[in-house]
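All values derive from a computational prediction rather than experimental measurement.
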Amino acid sequence: EGLPAARYDLLGSEPLRQEMYLPLNDWGARFLVDPDAWENAGGDVFGSRHFLRAASATVVVPLDIRATSAITLDVEARADGPARDSVDNVDRVTSLDVALNGRPIGAVPLVIGVTQPARQAFVLPAGSRVWRRGYNRVTISKPPNVPSSTQFLVFALRVGPTAASGQVR
């Protein structure tokens with residue numbers, strides 16, 4: 001369910017998981033809905049990553065989610081470019097918007113030029129009906145009017161049940 005036809009040969013037999021670590025490396029690239037929206041950026045000391053080439057791009061995540069548990073989606077990303085505004089001499093900040101199955105869930109705040117990737121966790125409560133059993137679409141979008149000198153890199157997605165305090169009894 002929800003698997004793009006163009007990716008069926010690669011992912012049709014992919015098992016549904018309760019949790020998943022999805023690095024955007026050569027293995028993880030098969031989960032990219034539109035490979036042309038991404039560019040393999042190789043790796044550095046923080047891991048493999050892909051540039052976001054398009055205004056937005058989607059990753060599919062095969063999940064078998066329990067409705068009784070809160071689920072956390074963790075996005076690891078970085079914004080490369082000039083770190084300081086040349087006029088005001090202040091740090092430049094931006095963000096990446098994140099949507100799950102077409103529903104906005106938040107943003108990953110980023111300081112442009114910081115070498116270490118930022119990680120942002122989004123906790124969706126039990127019974128939220130945002131996740132579904134099958135292929136879930138995580139869409140990552142650039143902000144409008146971002147300077148062309150800013151490159152957005154996505155390193156990984158992590159999905160899994162939240163700590164016991166998020167359980168419904």
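- A 4.5 Å side-chain heavy-atom check between V138 and V61 finds at least one atom pair inside the cut-off.
- Side-chain contact between L52 and L153: absent, with no pair of heavy atoms (C-beta onward) separated by less than 4.5 Å.
- For the side chain to side chain donor-acceptor pair (under 3.5 Å) test, residues two or more places apart in sequence or in another chain that qualify with T150 are R92.
- The side chain to side chain donor-acceptor pair (under 3.5 Å) test applied to N40 returns D26, not counting sequence neighbours.
- Between the side chain of D80 and the backbone N or O of G113, no donor-acceptor pair lies under 3.5 Å.
- Partners of R119 by side chain to side chain contact (heavy atoms under 4.5 Å, CB included), not counting sequence neighbours, listed by chain and number: D74, E76, R158.
- Between L96 and F152 the shortest side-chain heavy-atom distance falls below 4.5 Å.
- For the pair V59/V33, no side-chain contact is recorded, criterion being any heavy-atom separation below 4.5 Å from C-beta on.
- A donor-acceptor pair is defined here as one N or O able to donate and one able to accept, closer than 3.5 Å; such a pair exists between the side chain of N136 and the backbone of G134.
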Stepwise side-chain contact (heavy atoms from CB on, under 4.5 Å) check, W38 with F51: CA-CA 6 Å; W38 302 88; F51 285 112; over 6 Å; no
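- Here the straight-line distance linking atom CZ of R78 with atom OG1 of T115 works out to 6.5 Å at 0.5 Å rounding.
- We find the CG-CZ distance between D34 and R53 to be 9.5 Å, quoted to the nearest 0.5 Å.
- Under the 4.5 Å side-chain criterion, counting only non-hydrogen atoms from C-beta, V108 is not in contact with S95.
- Looking only at distances, a side-chain donor or acceptor of H50 sits under 3.5 Å from a matching main-chain atom of L24.
- Looking at residues two or more places apart in sequence or on another chain, you find a side chain to side chain donor-acceptor pair (under 3.5 Å) between T139 and T58.
- Pairing each heavy atom of P117 with each of F46, the nearest pair is CD-CG, 3.4 Å.
- L16 and L157 sit in two unconnected hydrophobic clusters of ILVMFWY residues. Membership requires side-chain heavy atoms under 4.5 Å apart, directly or through other members.
- A continuous path of ILVMFWY side-chain contacts below 4.5 Å connects M20 to I105, so both sit in one hydrophobic cluster.
- Taken together through direct or relayed side-chain contacts under 4.5 Å among Ile, Leu, Val, Met, Phe, Trp and Tyr, V130 and L22 form part of one hydrophobic cluster.
- Considering only heavy atoms from C-beta on, L73 comes within 4.5 Å of V98 through its side chain.
- At least one side-chain heavy atom of V159 sits under 4.5 Å from a side-chain heavy atom of W131.
- Of all heavy-atom pairs between A57 and A37, the closest is CB-CB, 3.7 Å.
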Chi angles and distances behind the side-chain contact (heavy atoms from CB on, under 4.5 Å) call for I140, D97: CA-CA 6 Å; I140 300 171; D97 291 329; over 6 Å; no
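- Rounding to the nearest 0.5 Å places CD1 of I71 at 7.5 Å from CD of Q18.
- With contacts defined as side-chain heavy-atom distances shorter than 4.5 Å, the pair S149/P82 qualifies.
- Separating the CZ atom in F122 from the OG1 atom in T72 is a distance of 11.0 Å, to the nearest 0.5 Å.
- Take R49 and apply the salt bridge (Lys or Arg N to Asp or Glu O under 4.0 Å) test, not counting sequence neighbours, and it matches D44.
- Note that CG of N25 is 4.5 Å distant from OG of S48, once rounded to the nearest 0.5 Å.
- In this structure, R103 has no side chain to side chain donor-acceptor pair (under 3.5 Å) partners at least two apart in sequence or on a different chain.
- Atom OG1 of T94 is separated from atom NZ of K142 by 10.0 Å, given to the nearest 0.5 angstrom.
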